[in-house]
J.: 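The following block contains the structure, expressed as structure tokens.
Since we're looking at a predicted model, the values are computed, not measured.
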Amino acid sequence: MANSGTKLHGKNAAIYLGGAKGSGGVPVSVKTDWTLRRNRDYVDATTFGDTNRTYLAGLPNVEGTFAGLMDVSGDLLLNAATSDATQIYLYADDGGTPVLIANGPGFIDGSVNASVTDAIRYTGDFRASGAWTIFEG
């Protein structure tokens, strides 16, 4: 039931590319974080005589970030960066009963960071390139 206060630890979160878990999707390995942002454009529609600023809402947007270690055996997110849009699936839980938070087509960008004091890391972001399905509970 929506809004019942159910909580979930992020330890089993996952990112899949190309399809859903169990339906041809490939899990992205060694990542530690992902974020999802839902926002939209706003246009200032304030006019003379208004007592408060007024805005009009534009189209919704989906974008987010990911972070973690780089998979030096072949990092799927690095390989998907700057290519055509791919299907992205974000899971809050990849365990027995997967909890899919959002999915849709998107473009991926990223960067590799190597440091003498840390493991090699890969971080980046994604942007929707079409309609997304968002978790409704």
Side-chain angles (χ1 to χ4, degrees):
M1 172 193 257
N3 203 36
S4 63
T6 304
K7 299 170 185 75
L8 184 63
H9 195 284
K11 67 182 179 213
N12 291 322
I15 305 167
Y16 279 70
L17 295 183
K21 178 181 181 175
S23 297
V26 179
V28 175
S29 64
V30 299
K31 298 303 175 267
T32 58
D33 301 89
W34 61 256
T35 62
L36 173 71
R37 285 188 305 278
R38 297 183 69 194
N39 55 351
R40 53 186 148 175
D41 297 323
Y42 293 95
V43 176
D44 189 335
T46 307
T47 61
F48 296 131
D50 286 349
T51 58
N52 197 73
R53 292 186 78 100
T54 305
Y55 294 90
L56 301 175
L59 292 173
N61 184 35
V62 173
E63 60 187 12
T65 63
F66 54 84
L69 302 176
M70 184 173 146
D71 182 353
V72 295
S73 69
D75 196 294
L76 292 179
L77 290 170
L78 176 62
N79 293 335
T82 70
S83 67
D84 292 337
T86 187
Q87 290 293 320
I88 303 168
Y89 287 75
L90 303 174
Y91 289 89
D93 193 340
D94 186 27
T97 304
V99 178
L100 179 62
I101 298 298
N103 68 284
F107 297 111
I108 295 172
D109 294 312
S111 60
V112 176
N113 182 35
S115 168
V116 297
T117 60
D118 200 0
I120 297 176
R121 299 195 175 272
Y122 183 67
T123 59
D125 52 52
F126 61 89
R127 288 173 185 77
S129 65
W132 275 57
T133 302
I134 305 295
F135 177 76
E136 294 183 10

J.: Within this structure, what is the CG-OH distance for the pair D41 and Y55, rounded to the nearest 0.5 Å?
T.: 13.5 Å
J.: Looking at side-chain heavy atoms only, is the closest gap between L78 and I108 below 4.5 Å?
T.: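 Heavy-atom side-chain distance check fails, nothing below 4.5 Å.
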J.: Using the side-chain contact (heavy atoms from CB on, under 4.5 Å) rule, take Y89 and K21 through it: C-alpha gap first, then chi angles, then the decisive distance, then the call.
T.: CA-CA 8 Å; Y89 287 75; K21 178 181 181 175; over 6 Å; no
J.: List for me each residue that meets salt bridge (Lys or Arg N to Asp or Glu O under 4.0 Å) alongside D93, sequence neighbours excluded, and say none if there are none.
T.: none
J.: What's the separation between atom OG1 in T32 and atom CG in L69, rounded to the nearest 0.5 Å?
T.: 6.5 Å
J.: What distance do F135 atom CZ and N103 atom CG have between them, rounded to the nearest 0.5 Å?
T.: 12.5 Å
J.: Tell me whether the count of non-hydrogen atoms from other residues, nucleotides or ligands lying under 6.0 Å of CG in L8 goes above 12.
T.: yes
J.: Please name all residues satisfying side-chain hydrogen bond (donor to acceptor under 3.5 Å, both in side chains) with R127, sequence neighbours left out, ordered by chain then number.
T.: D109, D125
J.: Among residues at least two apart in sequence or on other chains, which ones pass side chain to side chain contact (heavy atoms under 4.5 Å, CB included) with N39?
T.: N61, E63
J.: Could you walk me through whether L77 and K31 satisfy the side-chain contact (heavy atoms from CB on, under 4.5 Å) test, starting with their C-alpha distance in whole Å, then the side-chain angles of each, then the deciding distance to 0.1 Å, before giving a yes or no?
T.: CA-CA 10 Å; L77 290 170; K31 298 303 175 267; 3.7 Å; yes
J.: Quick check: closest heavy atoms across A45 and D50, and the distance to 0.1 Å?
T.: O-OD2, 4.1 Å
J.: Could you tell me whether the side chain of D118 and the main chain of S115 form a donor-acceptor pair under 3.5 Å?
T.: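 Not at all, since once roles are kept as given, no pair shorter than 3.5 Å links the two residues.
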J.: Can you list the residues that meet the salt bridge (Lys or Arg N to Asp or Glu O under 4.0 Å) rule with R53, with sequence neighbours excluded?
T.: D44
J.: Nearest 0.5 angstrom please: T35 OG1 to F66 CZ, how far?
T.: 10.0 Å
J.: Could you grab the distance from atom CD of Q87 to atom OG of S129, nearest 0.5 Å is fine?
T.: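 Interatomic distance, Q87 CD to S129 OG, rounded to 0.5 Å: 7.5 Å.
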J.: If you draw a 6.0 Å radius around CZ in R38, do more than 12 non-hydrogen atoms from other residues or ligands fall strictly inside?
T.: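 Open: at most 12 neighbouring heavy atoms sit under 6.0 Å from CZ of R38.
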J.: Check side chain to side chain contact (heavy atoms under 4.5 Å, CB included) between A13 and all other residues, then give those that pass, not counting sequence neighbours.
T.: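 Here the qualifying residues are W34.
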J.: Using atom types as modelled, flag every donor-acceptor pair under 3.5 Å from a side chain in residues 22-30 to any protein atom, sequence neighbours excluded.
T.:
residue: S29; atom: OG; partner: D71; partner atom: OD2; Å: 2.6

J.: Could you state the interatomic distance from OH (Y16) to CG (L76), rounded to the nearest 0.5 Å?
T.: 11.5 Å
J.: Side-chain contact test, heavy atoms from C-beta onward, threshold under 4.5 Å: evaluate it for T54 versus T47 and give yes or no.
T.: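 No. Closest side-chain heavy atoms not under 4.5 Å.
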J.: Do L100 and L90 make a side-chain contact, defined as non-hydrogen atoms from C-beta onward lying under 4.5 Å apart?
T.: no
J.: Would you say L17 and I88 make side-chain contact, with heavy atoms under 4.5 Å?
T.: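 With C-beta onward as the side chain, the pair touches.
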